[in-house]
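Chain letters run A, B, ... following the sequence lines, proteins first and then strands; every chain starts at 1. Note: hydrogens, waters and symmetry copies are ignored here, and every other heavy atom, side chains too, is used.
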Amino acid sequence: MTSRTQVADYLADKIFAGTNSKKVMSEVAAWLQAHNKTRQVNYLVNDVARALTKHGYYCVSITSARELSQVTKKQVETSIKDMTGATTLECTYRVDRKLIGGIIIKTPEAALDASIQSRLAKIIEGVK
Amino acid sequence: MSDLNVKALSREIDDAINGLKDGAKMEQSGVVTKVSDGIVWIYGLRDCGFSDVIAIETKDGAKIEAFALNLYEDEIGAVILGSEVGVNAGAKATLTGRTLEVPVGPELVGRVVNPLGLPIDGLGPIKTKQMGLIERPAPGVMDRKSVNEPLATGIIAIDTMVPIGRGQRELLIGDRQTGKTAIAIDTMINQARQKTGVINVYVAIGQKSAKVAALVERLKTEGVMDQTIIVATSPSDAASMLYLAPYTGTAMAEYFRDNKQHALIIYDDLSKHAVAYRQMSLLLRRPPGREAYPGDVFYLHSRLLERSAKLSDDLGGGSLTALPIIETQAGDISAYIPTNVISITDGQIFLETNLFYQGIRPAISVGLSVSRVGGAAQTKATKSVAGTLRLELAQFRELASFAQFSSDLDEDTKNRIDRGRLLTEVLKQKQFQPLSVAEQVITMIAATKGALDHLTNKDVESAVTRVIAEVKKSEKTIYASLDKGTKPEEADVDKVVKIAEKVTKSFGSDKVKKD
């Protein structure tokens, strides 16, 4: 049986190659319907994002405690490219005051939590 | 408030901060998609390996550990170690980079621990220096030596008829309440009484907590706890804990095996272990096979028991002897799990309900019990008296059932039946009273050389006790030599027989009772 991961790989390859997306989407929709997996669309999208990393395309979510300046954003994106080897980034920026400071970067495969919130939590855990 | 130490607190915070210096790095994370009956399904964590430990964040920020058992392309099925309370769908899951391991070492001796190696006896933390992998490959062919040293159980019927050697796997099998655990406990007690230095590891798999508590008390009373580790799980524990318990016990026992020592491990019992594994497998949606057990239930036990071995001299010559226990239903040893474990082990001791209720205890079925190591695991002294004992007893039990239909028996048959009755009586033994090699050999000499033939059934036990005491008192050299396992000279045998005849004279001259 074809797994969701295999479908995601197929879809990512087609998207990257610029194939007729309407036809591909209807194929994927038919597969989801046939295998009773229509509720797994979110997972499939994540799987596609992960599969696209093989082509150097990274869909990244960046969360910080304050709005980042353009210069900082540029620096962050450069360091993400250095860390992951990405050639193209699709960045989504978010602000979450609960982080107190620092940054959380999420790529399709991994996460980097360099927030003050998590560091404080680790200190508390260490002292316990 | 006396525990408050501000300086120490400041140091601890400094240490914690130092520990964070290289803390921020990319880590794989996944999401819990489903939680049910101790099983979690996780999306993500594509680098997760089989048996890797996964940390799951609970709602209150605590971390619960699980280990991966099902690795699919799209999701991972993991078994939670302990309770699933607090784990919800959407919880973050991360790889810890560890596979399952437990503390091992001599520091565990005398303690009662759970399958994660954490103490549950209220005696404080255990500070071990080493950790051992729960799942480890068994020693290879060249790392082993054939079993050649006896592991004395102190039970005369076992040591003479189905001897167990160090490094052997001997199955204790029988219905409930037939004395399987009693044999295992007596064997542990005997290691302490005979000062063999063998470390006992008792693994209670889903045993009632009250039973384990009583066992610990008994072992303390007998002075055995000082060389014993108990890995305990109760029926209220999660199936994952029951599944891990025997592997944990084995990891702890292997430490001694690998350090030139001898260890004995008792799995009480593997039937419950198989049931726990079946529960986990069914919840992980693995296809059920015979009796709904998964297809790898044989491998579950074979990889466990293969770790019990006698190591070669190059590796120190240590050994790990296993006494797995299997509970049968209505004496059916041809059920799935019993036949599996029978085929894995080097022999089995089958306990019969009928014999148990006839007062023949230990209720060992001579015909169905066997030790595939045999004479190689017997001292020369025991071997010299065991002879054809097993055959004689098996013939007696056949003849005894045949004799019920006929009163007119020839002389030879009558003699065989009389001898069988006497031997059955001699082999009866009370619990918690293991016998030394010398005591066993003296008993068998007295029985097989006819010195006890004239006794009634009720006199046999006290007569044997007195014979042993008399030999111990008047023939110290012979007694010491027998205790070392040396084969007795003809003259020594004669002396023992004479003492036995003299002692038993006072017991009257009635023939052994026929009923």
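No side-chain heavy atom of A:Gln6 sits less than 4.5 Å from a side-chain heavy atom of B:Asp74.
Expressed to the nearest 0.5 Å, how far CZ of B:Arg46 lies from CD of A:Glu109 amounts to 7.5 Å.
Looking at B:Thr33, the atoms closer than 4.5 Å to chain A (heavy atoms on both sides) sit in the backbone and in the side chain alike. For a residue to count as touching a neighbouring chain, one of its non-hydrogen atoms must lie under 4.5 Å from one of that chain's; by this rule A:Ser115 does not touch chain B.
Checking A:Thr5 against B:Glu73 by side-chain atom types alone, no donor-acceptor pair falls below 3.5 Å. No hydrogens or angles considered: nothing links the side chains of A:Asn42 and B:Tyr43 as a donor-acceptor pair under 3.5 Å.
No more than 12 heavy-atom neighbours from other residues, nucleotides or ligands sit within 6.0 angstrom of CZ on A:Arg66. For NZ of A:Lys74, the number of neighbouring non-hydrogen atoms (other residues, nucleotides, ligands) closer than 6.0 Å is 12 at most. With a 6.0 Å radius and a threshold of 12 heavy atoms from other residues, nucleotides or ligands, B:Lys63 has its NZ atom at or below the threshold. The number of heavy-atom neighbours closer than 6.0 Å to OH of B:Tyr299, taken from other residues, nucleotides and ligands shown, is 12 or below. For A:Asp82, the CG atom sits in a packed shell: over 12 heavy atoms of surrounding residues, nucleotides or ligands are nearer than 6.0 Å.
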